[in-house]
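Step one of this worksheet: look at the structure below.
None of these values were measured; they are calculated from a predicted model.
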Amino acid sequence: SVMTLLSHAADVERQLEMIECVNTAARRRASVKTKDPTWNREMELNDGDEAPQPLALPICEGTDALAEGALVAPLDSEPRIVPETPSSSERFIAFLERILESERTSSRVLATELAVTSLERSGQLARRGAEDARVELVRKLLMALLSRCADGVPTVRSRALCGVSSALQNLARPGTFSQLLGKITLQCAHPQYLNLPGMFRAAAADEKPTVRRASLTLFDAVVPLLCDPMGLSDEQVALFFDGKVLASLSADESIMVRKAAISSLALLLRTCPFAKTVCQLWVQNVLPLVLDVETSVVERALDELEATVLNPIAESTTCMRAKNEVALLPAVLQQLDSEATEYLQRGLKLLAVRNEGKLPRKFVGALFQWVQECMRPLPLQAWPLAVWSMLEEVTSIDKAGGALAHFDLILDAWRLFSSPVPVEGKRIRIKQGGLGGLEESGYTGGGQAASGPSEGLLGTKILRVLDNLVLAVPEDQMEDLMGSLCAALASFAAPTCMIRALMCTIERIEDAWKARKVYAQRAQERAAWRSSFLKSIQGMLTEYVTANTGAEAAASITPRRLCGALFTLGELAMMDISVISQGVITQVQTIATNTIWRNGERVETDARARGHAFAALGKFCLRKDVLAKKSVELLVLHLNPGESLVVRNNVLVVLGDICSKYTSLVDRFVPHMTDLFRDPGDLLRKQAA
């Protein structure tokens with residue numbers, strides 16, 4: 001009501017000023033010139049027009065006046081400028097500045113609310129509605145509100161921050177005064193410099209959630225202004241505010257702060273869609289919120305996921321070109337790591353649940369069109385992993401639907417991946433081959449080997465897509481796929497993540513044959529292959545462990561092949577423990593405990609191989625309770641700090657699995673496991689938890 005009356009008073013003042021100007025001009029045209037020569041000369045110079053400033057003339061009550069008691073100017077008088085009286089709005093703003101400094105909390109709260117409302121109506125309150133008067137009014141209110149951003153009352157602090165946001169938006173309107181905004185926000189030497197990053201950091205660390213929420217309001221108001229009208233580049237905008245502060249707000253304990261942080265990160269991404277820092281912030285802080293405990297936060301995160309990833313991919317199908325495929329994908333997908341990929345897949349599943357168990361048909365079609373683009377063929381390095389990760393989740397959601405129609409396309413992709421590396425010309429797709437694509441996809445653009453967690457990831461994704469669709473494909477295609485998978489597994493070239501995918505797909509094909517009651521025809525063939533494959537693994541382990549083996553022969557077994565053989569043994573044991581003999585178990589124990597001797601000297605075993613040996617031994621224990629009873633003390637012994645990190649980590653994981661199945665065996669060793677809570681390695685502390 002106060003602002004309504006004040007706005008009405010400002011309107012009345014403007015009307016009165018307009019009426020006075022009109023009446024003055026009319027009166028001067030109709031009246032007789034004064035006898036004062038000075039006045040006459042002034043009017044002649046102005047050609048009868050109204051002077052730019054009101055003039056006051058001294059009065060004289062002389063007897064020579066035209067009438068008794070008439071007021072006239074003396075002959076020697078000089079006109080002087082009468083100062084313009086403050087308007088009602090200006091008087092109110094001066095009063096508002098005083099009560100903003102009041103000692104009473106209620107007065108400051110009221111004054112802050114009135115200041116924010118005054119900013120919203122600055123166009124109505126400015127004298128004569130002029131732009132310069134409005135900017136001056138906004139500047140005064142902004143300076144007054146800045147002093148309240150550090151007030152002792154949370155309500156005053158939060159409302160003052162909102163008022164600062166509104167003032168900045170008012171200053172950014174088109175015009176000459178927009179330059180003032182750039183000076184006070186970017187030039188540290190300016191006398192009225194606003195340290196916006198500092199204000200945001202201080203408010204984000206406030207103890208009250210309302211103030212932390214207001215900090216995001218300030219962020220949302222400033223970010224668009226940094227691009228227009230200030231003209232900063234995307235990277236400069238991305239680095240203007242501290243990204244760590246924004247990340248902490250996305251994990252805030254307050255629900256409203258987390259929801260607002262999602263919107264702020266989405267706004268920053270829309271403002272700077274190709275800035276690497278912004279994409280990483282979005283991936284690391286928005287995607288995890290699809291699994292938030294609060295439903296409203298999950299819904300907000302899913303909305304942003306759909307707007308940022310699904311809709312752009314679905315809309316890009318009509319404009320896809322052969323020479324620029326990766327650029328058509330949202331830039332955030334290029335910043336995915338393994339953890340973010342998992343959150344992305346979980347988000348797709350939740351979107352399907354929200355959409356009656358299905359993902360948008362246009363989005364699914366766009367993913368398969370990307371596979372077609374990969375089959376042109378593109379170099380395997382250019383195959384986007386994010387597409388295959390999403391396709392893995394799509395096929396797991398809709399196994400018997402539209403995705404099944406594209407099985408031939410996925411099978412061709414696997415054949416292309418498993419075919420030999422071409423020396424010249426195009427890669428040739430073959431039905432049975434090794435893992436030629438592993439070498440090509442395992443190198444970076446600079447020709448450096450990309451061994452590590454990402455090695456073999458592309459082949460793993462393709463296999464998981466096949467695993468989701470293989471139950472419903474024709475038998476002849478199953479046979480071709482089985483031969484290719486067995487050949488790839490027998491090469492011992494696959495990394496561990498890919499071995500598991502190979503074994504799972506082989507097991508899924510065998511389950512499909514059993515469901516169709518045709519497995520009996522192939523049982524003998526499958527048993528023969530498994531026996532032959534196991535003998536090749538056992539021969540490799542024997543050659544590596546036996547004391548009679550020469551150092552040169554043992555050196556031919558690379559750590560890569562040894563780790564693959566040990567991991568495959570564990571997977572075979574989980575499928576059928578009866579194929580694992582006592583001799584194989586002894587060989588695995590020898591490698592795990594680092595007790596290989598040659599020529600009377602102990603040979604140091606690679607730490608990675610020992611870690612895989614303990615993992616295989618743990619899988620044996622899960623299938624043989626007698627072996628678990630004998631091995632539990634051996635496992636606990638290798639938790640000591642003298643062992644390598646990979647050994648201690650794998651032993652701890654094995655003990656956790658044994659604890660789930662044979663709880664009584666591990667009870668007395670729990671203190672040894674809890675001691676790892678104090679370990680300096682964060683990975684071991686995480687595994688212990």
(message) On a heavy-atom basis, which atom in V278 and which in L269 lie closest, and how many Å separate them?
(response) CG1-CA, 3.6 Å

(request) Apply side chain to side chain donor-acceptor pair (under 3.5 Å) to the pair N468 and S396, showing each step before the final yes or no. (result) CA-CA 6 Å; N468 292 329; S396 68; 4.7 Å; no

(message) Between the side chains of R346 and E342, is the shortest nitrogen-to-carboxylate-oxygen separation below 4.0 Å, so that they form an ion pair?
(response) yes

(message) So I262 and S250, do their side chains get closer than 4.5 Å, heavy atoms only?
(response) no

(request) For residues W383 and C374, report the shortest heavy-atom separation together with the two atoms involved. (result) NE1-O, 3.3 Å

(request) Would you mind reporting whether L333 and P384 have side-chain heavy atoms less than 4.5 Å apart? (result) no

(request) Enumerate the residue pairs fulfilling ring pair (Phe, Tyr, Trp, His ring centres under 6.0 Å) with a member in residues 225-262, sequence neighbours excluded, ordered by first and then second residue. (result) F200-F241, F219-F241

(request) State, to 0.1 Å, how close L145 and A160 come at their nearest heavy-atom pair, and which atoms those are. (result) O-CB, 3.7 Å

(request) Assess whether side chain to side chain donor-acceptor pair (under 3.5 Å) is satisfied between E235 and S233, documenting all intermediate values. (result) CA-CA 6 Å; E235 288 298 333; S233 64; over 6 Å; no

(request) Decide yes or no for P209 and M256: does some side-chain heavy atom of the first lie under 4.5 Å from some side-chain heavy atom of the second? (result) yes

(request) Decide, yes or no, whether a salt bridge links E294 with R258 under the criterion of side-chain N to carboxylate O below 4.0 Å. (result) no

(message) So for atom CZ, which belongs to R685, do other residues, nucleotides or ligands contribute more than 12 heavy atoms lying within a distance under 6.0 Å?
(response) yes

(request) Among N311, L348, L351, find the one that has a side-chain contact (heavy atoms from CB on, under 4.5 Å) with F363. (result) L348

(message) What I want to find out is whether E299 reaches K259 closely enough, with some N-O distance under 4.0 Å, to be called a salt bridge.
(response) no

(request) Answer whether the closest heavy-atom distance between the side chains of L246 and N285 falls below 4.5 Å. (result) no

(message) Please give me the minimum heavy-atom distance between C272 and D234, naming the atom from each residue.
(response) SG-O, 3.6 Å

(message) Contact between V371 and L367 at the side-chain level, heavy atoms closer than 4.5 Å - yes or no?
(response) no

(request) Sort and list the pairs that fulfil ring pair (Phe, Tyr, Trp, His ring centres under 6.0 Å) and have at least one residue in residues 96-118, not counting sequence neighbours. (result) none

(request) Could you give me the CA-CA distance, side-chain angles and deciding distance for R213 and S158, then say whether side chain to side chain donor-acceptor pair (under 3.5 Å) is met? (result) CA-CA 8 Å; R213 174 65 180 86; S158 61; over 6 Å; no

(message) Show me the pairs that pass side chain to side chain donor-acceptor pair (under 3.5 Å) and involve residues 199-210, at least two apart or across chains.
(response) R157-D206

